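Below is one structure; the comments refer to it alone.
Treat the numbers as computed from the prediction; the structure is a model and nothing was measured.
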Amino acid sequence: MMKEVVQDEKKKLLREQAEQRLAKASTVSSDAEKNKLLHELSVHQIELEMQNIALEEARIAQNEALNRYTELFEFAPLAYLVLNADAKIISINLTGSALLASDRSELIGSNLTQFVCTAQRTKLVKILATVLKTQQKESLELSLSIGSKHIWVNVEVKPDTAPEHCLITMNDISANKKAETEMRLAAAVYGSLSEAVMVINTDFEIINVNQSFTVLTGYSHDEIIGQSPALIQSQATNENQQPESLQHLWSDLYQGKWEGELNLCRKNGEEYTAKLSISSIYDSKNSVTHRVATFSDISERKRLDSLILKQANYDLLTGLPNRQLFQDRLSQGLHLAARKHKKLAILSLDIDKFKEVNDSFGHRIGDALLIEAATRLSRCIRETDTVARLGGDEFSIIMGDLDDLSTILPVANRILQVMAEPFQLNSSLAHVSASIGVAVFPDDATVDEELINDADNAMYAAKNQGRNQVHFFTKLLQEEINRKVYLNSELREALSNHQLSVFYQPIVDLNTGKLHKAEALLRWKHPVLGCVPPDEFIPIAEDSDQITIIGDWVFHQVAQQALAWRSGYDSEFQISLNKSPAQFSRLYNQEVWINYLRRIGLHPNALVIEITEGLLMDGSEQINQQLIQLSDSGIDISLDDFGTGYSSLAYLKKFDVDYLKIDKVFVKDLKQGSDDMTLCEAIIVMAHKLGIKVIAEGIETEMQRDLLHAAGCDYGQGFLFSKAVPADQFEAILDNNTEFK
C-alpha cells in the first residue's frame, strides 16, 4: 500500500516538471535554448512513460501474486477459515467448505461452533480470545459433527492481518485418531488378555510377551526376550526330536496357522498341558515377519473333562464300564460283527445270594465283594472283550469277533468257577455264586435291546434252575417268555371276567383230628388255557401292579368267608391267606384292611397272614411297620416255607410270629431217624420254646402224620386230609364234621 503511494507522488512530480519545461520553452526565442528545453521535455516524457510501464508491470505482478494467493488459499489441502472473536466464519476456502460438507455461501456468516461437539465449544471460543489477546498461535483438537458423521480435526489458530480476526487451519486427523485408538485398545487387550501371548521373529526368537505370559510361565519379560520358544517346551516332548504334534505344527504353520495342545513347562519345572494357537504375520510381499502364539493352561480343564468322562462312562465303585459305555461298545460291536459276518455274544451275570451278604455283613462288605468280583471277571475275559457293571450286582460281558460259539462256554464256566471261590473281605468270608445267561448275535437277535433282553431272560432261567450255572437263550425259552407276556395281558382281564376264584385247603389239628383252620389259595381258570398254575401267574402279578388289586379282592373274599364260617360252624375258625412281598413293598396302607374287618364285624384273629422268610430278611422300615401294624391289630402272622430260607431267630421274636409252617421238602421223605426227621423235631422244639405253633405242609401219608404228631407238631396240611377245594365243597367237609385221625 505504501509503495503505491510513493509511486503516485513521483509520477505527479515528473508531470509538474514536464509542464514547467514546456511553458519555459514557449517563451524562449533562441532556437538552441528551445531545442534544449524540448529535448529535456522528451527525456522527461520517456522517464514518465517508463514509470508508467513499470507501474503497469507492478500492477500485473501484484494481480498475479493475488491470484496465486487466492488459488493457494482456495485449493490448499488444508481447510482455511477466518473467524472473528465469536467464531463466526468470515471467510473459508473450498477445502474447508468440503470438510464441513456445506456450500461456502451458507457457511459465511455462520458460526463454526455449530459443527463442534458441545463439550468443546467453550474451549474453542476461549482459544480465539487468547490468540487475539496474546497475538500468539495456539493448537487444539476438535471433534466435529458433519451431518451423521463424526470426525476429528487438528486446529491451528493464529492472528490474521485484519484486527479481531483469527486465521484457522484445520486438518482431518480421523484416520490417525482411529489408528491411535485401535493401537491403545490393542495394547489394552494385549495387556489384559488372560491368555499368554508370545511374539516370535523369523529367527525363532521371542521379542515380546504380555503379563499373562509371565504369570503363567514364571519367566519375567527380561528373562524371556531373545530366548527360543523351546525354553518353555516340556522335556518329555523334546526327548523325541520331532514328535508328531510338532511335525503337524510346522506343517500347518507353513500354511499360516496352527492350533492344538502341547505339553509345556514352567520356570520351576512344573509341566502342564497348554491349548496353543500360533498365527503368522505377513508383510506387503507376503513374507512372514512374525509369529504370534497365544496359549493357556488347560491341565485342570482336561482333568475335569477326564473325570466327567469317567463318571459318565465308568462305574465309580468298580471302575468297570457302566451301562452307557456298555451300550456304546455293544452298538459298535454289533456293527463290526455284521460287517465282518461274525458272531457276538452277551453274557448277562447276576451274583447269587448277594443280598444275603449285604444284609449279613453290611453294605461296605457288599461293596468290597463287588470290587473283587469285578477284578475276577476282568481276568476271565479276553483283552478285546468288555465287562461292565450295569448296576447293583448285575454285570454284563460282550464277547465280539467270534467265528463260532465254542469259546463262550469255557469263558462262562471259568467265571462260575472263580465266582464260587470264597471272597475274603477283611475279616469276613463270603460264599456266593453266579448265574449267567447267554444270547448270541445274530442267532438270537439282531438288535442290541433284544439281545440284552434275551441274555437277561436266559440269566433268570439259570437262577430258576438252581443258580450257579450257565443258560443259553433258546427257542423254548422264547416260547416261555411269549407265554408270560400273554398271561400278563390276560391276567388284567381275569378278575373282571370272573376267571379268578378262592379255594380252601383244610389245616387239621393233629392232636384232635378236628378241622379248625384253612388256607385260602387263589386259582385261575382261563377259558382257553384252562387252569393256570399259581406258581406261574402269581409271579407275573407280582411283577406288575396287578398283585395289589388281586390281593385286595382275595382279602375281601376270605374275610367274608371267615365271617360266614364263624357264624355257621366254628366261632374260632381261622383262615390264612398269603400276602406277597410285592404287596408290602408298594406302600399299602394296612389300615384299609383292618377298618374293613371292623366294618363287617369280624374279629382280626379270624385271619392269618402268611409271609415268606425273604420278607423278614428285607429289614426295611416300611415293611417292619406294616408287619407290626398287622400284629398289633390282632391278625396272626404265619411264616411260610420255614427252613428253606435264611431267617434269623431274632426276626421271629421281633415280629411276634404266631405260626411256623414246615416246608413240604422236609416232609415228603420223612422217615424215622432221617435227617429230615431231625430237622423237623428241631424246628418244632425251637418254635414251642418261642411260644410259636407249628404247621407241617405236604402231608400225604399216615406215617408222615404220625411222625409229626409224635414230634409235637400242632397242625398238618396236605393231600392226606384234602386238596384245596372251592368254598361249597369245603363246607361239605365241615358239614360232615369229619375227624382226620
message = Any carboxylate oxygen within less than 4.0 angstrom of a Lys/Arg side-chain nitrogen, looking at Lys484 and Glu480?
response = no
Salt bridge (charged side-chain N to carboxylate O under 4.0 Å, His left out) evaluation trace for Lys661 with Glu697 = CA-CA 7 Å; Lys661 298 189 77 172; Glu697 293 183 296; 3.4 Å; yes
request  = Using only heavy-atom distances, determine whether the side chains of Asp675 and Thr678 contain a donor-acceptor pair under 3.5 Å.
outcome  = no
request  = Please tell me if the side chains of Trp553 and Val502 come closer than 4.5 Å, counting only heavy atoms from C-beta onward.
outcome  = yes
inquiry  = On the six-membered ring of Phe423, is Arg376 placed so that its NZ or CZ lies under 6.0 angstrom from the centre and within 45° of the ring axis?
reply    = yes
ask   = Does Ile600 reach the side chain of Gln560, with side-chain heavy atoms less than 4.5 Å apart?
value = yes
ask   = With sequence neighbours left out, which residue pairs that include part of residues 495-523 fulfil the ring pair (Phe, Tyr, Trp, His ring centres under 6.0 Å) condition?
value = Tyr504-Trp565
query = With distance as the sole criterion, is a donor-acceptor pair present between the side chains of Gln465 and Tyr460 under 3.5 Å?
reply = no
query = What residues, two or more places apart in sequence or in another chain, satisfy side-chain hydrogen bond (donor to acceptor under 3.5 Å, both in side chains) together with Tyr569?
reply = Asp735
query = In terms of side-chain geometry, is the basic nitrogen of Asp359 or Lys355 positioned less than 4.0 Å from the acidic oxygen of its partner?
reply = yes
message = Walk me through whether Ser580 and Glu542 qualify under side chain to side chain donor-acceptor pair (under 3.5 Å).
response = CA-CA 7 Å; Ser580 164; Glu542 289 177 331; 2.5 Å; yes
ask   = Less than 4.5 Å apart, any side-chain heavy atom of Leu349 and any of Met459?
value = no
ask   = What side chain to side chain donor-acceptor pair (under 3.5 Å) pairs are there with at least one residue in residues 431-456, not counting sequence neighbours?
value = Lys343-Asp443, Ser348-Asp456, Asp352-Ser433, Asp352-Ser435
inquiry  = Any donor-acceptor pair under 3.5 Å linking the side-chain atoms of His688 with those of Asp714?
reply    = yes
ask   = Does the distance from a Lys or Arg side-chain N to an Asp or Glu carboxylate O, for Asp350 and Lys463, drop under 4.0 Å?
value = yes
inquiry  = If I compare all heavy atoms of Leu416 with all of Ala434, which pair ends up nearest, and what's the gap?
reply    = CD2-O, 3.2 Å
message = Evaluate Thr386 against Leu330 for side-chain contact (heavy atoms from CB on, under 4.5 Å), listing each step before the verdict.
response = CA-CA 9 Å; Thr386 294; Leu330 177 58; over 6 Å; no
request  = List the steps and the verdict of side chain to side chain donor-acceptor pair (under 3.5 Å) for Asn488 and Gln546.
outcome  = CA-CA 9 Å; Asn488 182 52; Gln546 300 179 73; 3.1 Å; yes
query = Going by distance alone, is a donor N or O of one side chain under 3.5 Å from an acceptor N or O of the other, for Asn605 and Glu572?
reply = no
task = State the CG-OG distance between Leu521 and Ser576, to the nearest 0.5 angstrom.
result = 7.5 Å
inquiry  = Which label fits His556 and Tyr596: parallel for a plane angle under 30°, tilted from 30 to 60°, or perpendicular past 60°?
reply    = perpendicular
Residue pairs involving residues 408-432 (criterion salt bridge (Lys or Arg N to Asp or Glu O under 4.0 Å); sequence neighbours excluded) = none
query = Is the closest side-chain heavy-atom distance between Asp706 and His709 below 4.5 Å?
reply = no
query = Less than 4.5 Å apart, any side-chain heavy atom of Ile699 and any of Phe721?
reply = yes
message = So if I apply the side-chain hydrogen bond (donor to acceptor under 3.5 Å, both in side chains) rule between Gln505 and each of Glu519, Gln717, Lys723, which one comes out positive?
response = Gln717
request  = Please test Asp658 against Lys693 for salt bridge (charged side-chain N to carboxylate O under 4.0 Å, His left out), starting from the C-alpha separation and ending with a verdict.
outcome  = CA-CA 6 Å; Asp658 300 284; Lys693 294 186 177 181; over 6 Å; no
query = What is the minimum heavy-atom distance between Phe354 and Gly366, and which atoms define it?
reply = CE1-O, 3.4 Å
task = Provide the full list of side chain to side chain donor-acceptor pair (under 3.5 Å) pairs with a residue in residues 523-537, sequence neighbours left out, each pair given once.
result = Arg483-Glu536, Glu490-His526, Gln499-Trp524
request  = Check salt bridge (Lys or Arg N to Asp or Glu O under 4.0 Å) between Arg364 and all other residues, then give those that pass, not counting sequence neighbours.
outcome  = none
